[in-house]
Amino acid sequence: MGDLNEGKHSEECGVFAIVGHPDASLICYYGLYALQHRGQESAGISVTQGNRIHTVKGTGLVSEVFTKEDVLGTVGNAALGHVRYSITGEGGIEDSQPITVKMWQGQMAFAHNGNLVNARTLRADLERSGSIFQTTSDCEVIPHLMARTEQSDPFKAFTSISHMIMGAYSLCILTPQGVIAAKDPNGFRPLCLGELDGAYIVCSETCALDAVGAEFIRELDPGETIFIPTPDSKNSRCSLNPRVISSCKNACRAHPSLCVFEFIYFARPDSDIYGVNVHAARKALGRRLAQKDECEVDLVTGVPDSSISAATGYAEEADIPYEMGLVKNRYIGRTFITPGQSVREIGVKIKLNPLKRVIAGNRVLMVDDSIVRGTTSKYIVNLFRAAGAKEVHVRITSPPYRFPCYYGIDTSSKGELIASNRSEEEIREAIGADSLRFLEVKDLEEILGEKVGTLCTACFTGQYPVPVVDMVKPGRIE
Ligand code: 5GP
Ligand code: SF4
Ligand code: MG
């Protein structure tokens with residue numbers, strides 16, 4: 001969530017598509033604002049009136065990328081937007097989405113959230129037989145595969161190749177006839193359907209529906225593909241349901257495994273996933289930490305923003321006062337990053353500042369959502385000590401992060417993960433805390449799994465729900 005972002009190993013994204021609204025471009029723009037936490041590296045919007053697709057994209061925040069003319073000057077009743085979060089310095093503008101292509105089936109724009117685990121293999125095969133790629137994004141194999149089918153209907157072209165793509169994708173395709181939305185058979189990333197004034201929206205999180213005043217209809221099922229035709233396309237008179245022509249369910253391939261980190265860290269607290277509110281889920285995780293703990297401290301505090309919910313849950317359960325221990329500067333936007341360590345530290349300090357009057361002289365318990373490289377925890381423990389804390393205890397609402405993620409979170413090599421070769425005691429020592437506790441996988445399963453079904457927990461267990469075909473460094477194709 002933007003805290004201490006430099007070199008952060010994230011590759012989350014947000015998608016927002018709307019079909020059948022005269023202000024499609026503007027609503028998409030607002031929707032992207034609500035999904036900004038899922039990606040700050042680049043943003044893009046594609047708009048169509050059923051013929052040509054007009055795309056504007058660039059690096060930076062939504063507020064930096066689009067001008068008023070971009071948003072208000074583009075007429076169209078269907079739009080597709082994307083925000084992307086990547087490692088600093090990799091993947092420039094050509095990798096930002098939507099990716100727009102001209103295929104024999106028509107012009108289309110593609111935007112997705114996730115990572116295809118066999119994209120390298122597919123791409124190598126496609127390149128050998130003549131495909132020329134424009135980007136290094138894993139998503140680009142999809143239009144190439146679709147273009148090789150004999151299906152002139154984009155929906156049929158996609159569903160006929162979807163068995164070939166493996167891994168995590170919550171995908172939207174803007175076509176001249178409407179929007180195709182698809183979730184991989186594991187449903188790693190959220191993707192939900194909503195309605196606004198008779199128009200349909202598909203987006204990564206329900207908070208984006210709230211932001212534009214839309215009604216939530218439902219979360220897409222793992223393995224489901226739907227097609228929403230634009231009102232002027234000939235399919236719009238489908239008898240089943242006026243506009244949503246659902247759906248192709250890959251029921252035989254569905255093995256639900258929602259990314260548990262959507263609840264722990266990525267999603268916004270005001271979003272619901274499969275009916276479970278993210279804030280409530282984080283509070284429950286914080287409570288569980290407290291139930292398993294006896295720690296004599298004067299106050300509990302959370303690392304903004306993602307860990308505030310969990311910290312309040314801990315404080316309530318343990319009956320210890322919750323205090324604001326850190327203030328986060330929300331107006332930073334993108335800081336200019338330089339590689340030098342000292343400059344990096346200044347960048348960090350302008351983002352987070354401890355409340356000295358709260359911390360000084362106290363035994364502090366700090367709740368955070370995860371320890372990946374250990375940089376954040378170590379830094380905050382030091383901040384609290386410098387602010388006069390008597391003791392600093394760290395509690396984490398996830399288990400030690402020991403294995404890289406191949407499904408859309410670029411956690412890089414195993415060597416960078418502080419827990420990959422350290423015991424909990426060694427991690428405690430490395431971050432300089434007086435004590436350190438984690439949740440266990442079974443805690444996550446008990447609290448979340450009961451309501452949302454099986455979860456992906458591979459970064460804790462090493463048990464990958466989809467075999468990782470291209471076992472190289474996760475993320476982009478070089
Ligand atoms: P670390 O500093 O240990 O490498 O990363 C953990 C911290 O980074 C946590 O405070 C978490 O809120 C934040 N964070 C930012 N991006 C990510 C991400 O993609 N995954 C996880 N697990 N934490 C992240
Ligand atoms: Fe999420 Fe971890 Fe699974 Fe990646 S490996 S999808 S971060 S739970
Ligand atoms: Mg954090």
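In listed order, ligands and their atoms are each counted from 1.
When Tyr407, Phe188, Phe460 are each tested for a ring pair (Phe, Tyr, Trp, His ring centres under 6.0 Å) with Phe261, only one passes: Phe460.
Between Tyr169 and Pro185 there is a side-chain heavy-atom pair separated by less than 4.5 Å. Between Tyr314 and Cys295, some side-chain heavy-atom pair lies under the 4.5 Å cut-off. Arg395 has its side chain within reach of Asp293: a pair of non-hydrogen atoms, C-beta onward, lies under 4.5 Å apart. Contact of the Met366 side chain with the Ile380 side chain is registered, since non-hydrogen atoms from C-beta on lie closer than 4.5 Å.
Ser170 and Asn113 form no side-chain donor-acceptor contact under 3.5 Å, judged by distance and modelled atom types alone. Side-chain atoms of Thr136 and Asp95 include a donor-acceptor pair closer than 3.5 Å.
The residue from Cys459, Cys405, Ser370 that puts a heavy atom closest to atom 6 (C) of ligand 1 is Ser370. For the residues Asp369, Leu417, Val303, the heavy atom positioned nearest atom 12 (O) of ligand 1 is part of Asp369.
Under a 4.0 Å criterion applied to the non-hydrogen atoms of Phe261, ligand 1 contributes the atoms 22 (N). Near Phe266, meaning under 4.0 Å from one of its heavy atoms, ligand 1 places the atoms 18 (C), 19 (O). Taking a cut-off of under 4.0 Å to the non-hydrogen atoms of Val260, the atoms of ligand 2 that pass are 8 (S). Close contacts of ligand 2 with Phe261, meaning ligand atoms under 4.0 Å from a residue heavy atom, involve 7 (S). Close contacts of ligand 1 with Ile371, meaning ligand atoms under 4.0 Å from a residue heavy atom, involve 3 (O). Every atom of ligand 2 is numbered from 1 in the order shown, and the set under 4.0 Å from a heavy atom of Ala458 is 5 (S). The Gly374 neighbourhood of ligand 1 comprises atoms 1 (P), 3 (O), 4 (O), with distances under 4.0 Å to a heavy atom of that residue. Contact atoms of ligand 1 toward Arg373: 1 (P), 3 (O), 4 (O) (distance under 4.0 Å to a heavy atom of the residue).
Aromatic rings of Tyr85 and His37 (six-membered ring for Trp) have centroids beyond the 6.0 Å cut-off, not under it. A centroid separation of 6.0 Å or more is found between the aromatic rings of Tyr29 and Phe16.
Annotation: Tyr401 places no N or O atom under 3.5 Å from an N or O atom of ligand 1; distance criterion only.
When all heavy atoms are compared, the tightest approach of Ala79 to Ile45 is CB-CG2, 4.5 Å.
Assignment of Arg189 to the shell around ligand 2 is supported, since a heavy atom sits closer than 4.0 Å. Ser306 counts as a contact of ligand 1, since one of its heavy atoms falls under 4.0 Å from the ligand.
With 2.8 Å as the limit, Cys456 counts as an N, O or S neighbour of atom 3 (Fe) of ligand 2. When distances to atom 2 (Fe) of ligand 2 are checked against a cut-off of 2.8 Å, Cys259 contributes no N, O or S atom below that limit.
Atom 5 (S) of ligand 2 has its closest protein heavy atom at Cys459 N, 3.4 Å. The protein atom (non-hydrogen) at minimum distance from atom 4 (Fe) of ligand 2 is Cys405 SG, 2.2 Å.
Residue contacts with ligand 1 for Thr375 involve both N, CA, C or O and side-chain atoms from C-beta outward (heavy atoms, distance under 4.0 Å).
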Inset, instruction - Would you check, one step at a time, whether the test side-chain contact (heavy atoms from CB on, under 4.5 Å) holds for Thr206 with Cys192? - result: CA-CA 7 Å; Thr206 64; Cys192 64; 4.0 Å; yes
